[in-house]
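This report concerns only the one structure given below.
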Amino acid sequence: MGKHLTTRAEDYSKWYNELVVKADLAQNSGVRGSMVIKPYGFAIWERIQADLDRRFKETGHMNAYFPLFIPKSYFSKEASHVDGFAKECAVVTHYRLKNDPDGNGVVVDPNAKLEEELIVRPTSETIIWDTYRDWIQSYRDLPILVNQWANVVRWEMRTRLFLRTAEFLWQEGHTAHATKEEAIQEAETMLDVYASFVEEIMAIPVLRGIKTEGERFAGALETYCIEALMQDGKALQAGTSHFLGQNFAKAFDVKFQTKEGTQEHVWATSWGVSTRLMGALIMTHSDDNGLVLPPKLAPYQVVIVPIYKGQEQLDAISEVANDLVQQLRAQGITVKYDDRDTQKPGWKFNQYELQGVPLRIAIGPKDLEKGSVELARRDTLTKQFVSQSDVAAVVPALLDEIQNSLFEKALKFREERTHVANSWEEFEALIKESAGFVYAHWDGTTETEDKIKDLTKATIRCIPISNEEEEGACILTGKPSKQRVVFAKAY
RNA sequence: CGGGAAGUGGCGCAGGUGGUAGCGCAUCUGGUUUGGGACCAGAGGGUCGCAGGUUCGAGUCCUGUCUUCCCGACCA
């Protein structure tokens, strides 16, 4: 293993891949495009899950679980939905293996062909709406507010750890409502849940917006999204929430009887975030020394490293360290005391830096004499000496400060990388250098959007919700426009 | 899926024109060390991605296949 990471300036993409592997987050497996999430990476995902799950429940949702396999016929029921996913589905055609008659391992038993093929879910709208038909008869059965934590499979051609894998972990919320207004409200509420989670916990500033028709989810009437800006100036969609109208209710014949006794189709939403958030986390905060984790997601917020010669000294240090561990844990802070004698302090320093542990406390013989510890911040790489008796008071405040400072830093970066383009030349130049978000006028047509994409690789990330109306002319066609939309190259 | 590159101990790599595999890091043992990836001495570990083929002989040549990386089209 090489000692140093490729730097972001040398090769951003290589930096990302090396970081994921060296920080022990994930690795590629023997299966094309499918990753192994390692314990340290999974611990971060678990923290993401736990906080989101709490927020979902606080907004009235419950978890359920639907099958991995979906009968092929379900997919033919909603036309635009099929169009969106057909090209990337894994299909189960047989249910049995047998020994190879030629003696080489096993082969698929041709006699075990399924009557109807099963699709490994790329998303669960179809099977969930097929089930909701049984659950819903009356307006009294509504709303249904359900989420599921699951894995899904999309047969992507080009994959990257966390950012795009053939199988990924996510949550998908699927709700059913009596009215259009209520469904739209739900989709907007969940967008807020995502935005506040990503900003407060992941310390990643996001733009809230709606997708253009061309970028909309397959089967949705409106797609709301949060968009984040990565350090290389490319945008990453961090979460989406869809207002599905009555499309799935109509496709799966899900009706309810109203108070007035009429039969109406149910209104739907779906919303999801995935392990891609891990990619956003890495690319927002990390530096050339490795991962930088916001304290609210760090598996260990503090690591304590003893520096010692001989057992006697270690015992004396351990006494101080264990006391600090108790004091910090009492405040709900996660601490690891790494007293392994199999690695040297310098090795540990580098390892925890690579893994993004927010605070490191080193205790050595000099500290024993002075009653101090060395406290090092991962985000700023600064060190200070703190009296042992002050640690319990200083650490929580410092963790808060790191959390805030990471967000502020990311926000400042985004602001510096947010531009306004008023001419095609200006626009092209900004996009060419991956300058970040570019606000520009657009005539509102999918044709223009596609053409801009062909010419520059930039897509409309969103129409920001907070947008102000402004008269202008489309950057490409010169046709009138009422507002600016946000363009960027995207992951 | 189209174009390019690559798969050799755990990791990173070297192995003109075919002749039975080597280096660095890591690992193990012993000793000295420990405030930013320690040092010395010794040791173990590879059917060269996989499957065929050519050949007296294949890491090396040929065919197929799988995986990874880069560039496109698609996408959370």
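A note on names: the letters A, B, ... follow the listed sequences, proteins ahead of strands, and every chain is numbered from 1. Any value given below was found using the heavy atoms of this structure, including those in side chains, with hydrogens, waters and symmetry copies removed.
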Next item on the list: For Lys344(A), report the nucleic acid contact type (base, sugar-phosphate, nothing); a contact means any heavy atom under 4.0 Å.
Entry: base
Margin query: Using a strict heavy-atom distance below 4.0 Å, which residues from residues 274-302 of chain A are in contact with RNA chain B?
Written below: Ser274(A), Arg276(A)
Next item on the list: Report which part of the nucleic acid Thr165(A) touches: base, sugar-phosphate, or nothing (heavy-atom distance under 4.0 Å, all strands).
Entry: base
Check: Within the pair Lys366(A) and G35(B), is there a side-chain N or O less than 4.0 Å away from OP1 or OP2?
Finding: no
Margin query: Base contacts versus sugar-phosphate-only contacts with protein, heavy atoms under 4.0 Å: please encode nucleotides 66-71 of chain B as B, S and - from 5' to 3'.
Written below: -SSSSB
Notebook entry, point to check: For Phe349(A) and G37(B), are the ring centres under 5.5 Å apart with planes inclined under 30°?
Noted result: no
Notebook entry, point to check: Touch check for Gln343(A), heavy atoms < 4.0 angstrom, all strands: base, sugar-phosphate only, or nothing?
Noted result: nothing
Next item on the list: Give one of base, sugar-phosphate or nothing for Arg360(A), where a contact means two heavy atoms less than 4.0 Å apart.
Entry: base
Margin query: With salt bridge (charged side-chain N to carboxylate O under 4.0 Å, His left out) as the test, pick out the partner of Glu227(A) among Lys211(A), Arg208(A), Lys234(A).
Written below: Lys211(A)
Check: Lys453(A) near the nucleic acid: base, sugar-phosphate alone, or nothing, with a heavy-atom cut-off under 4.0 Å?
Finding: sugar-phosphate
Check: Among side-chain atoms of Thr123(A) and Glu125(A), is any donor-acceptor pair under 3.5 angstrom?
Finding: yes
Next item on the list: With sequence neighbours excluded, give me every side-chain hydrogen bond (donor to acceptor under 3.5 Å, both in side chains) pair touching residues 286-299 of chain A.
Entry: Arg8(A)-Asp288(A), Asp287(A)-Arg378(A)
Next item on the list: Remember a base hit wins even if backbone is also touched, and classify Glu156(A) as base, sugar-phosphate or nothing at under 4.0 Å, heavy atoms.
Entry: base
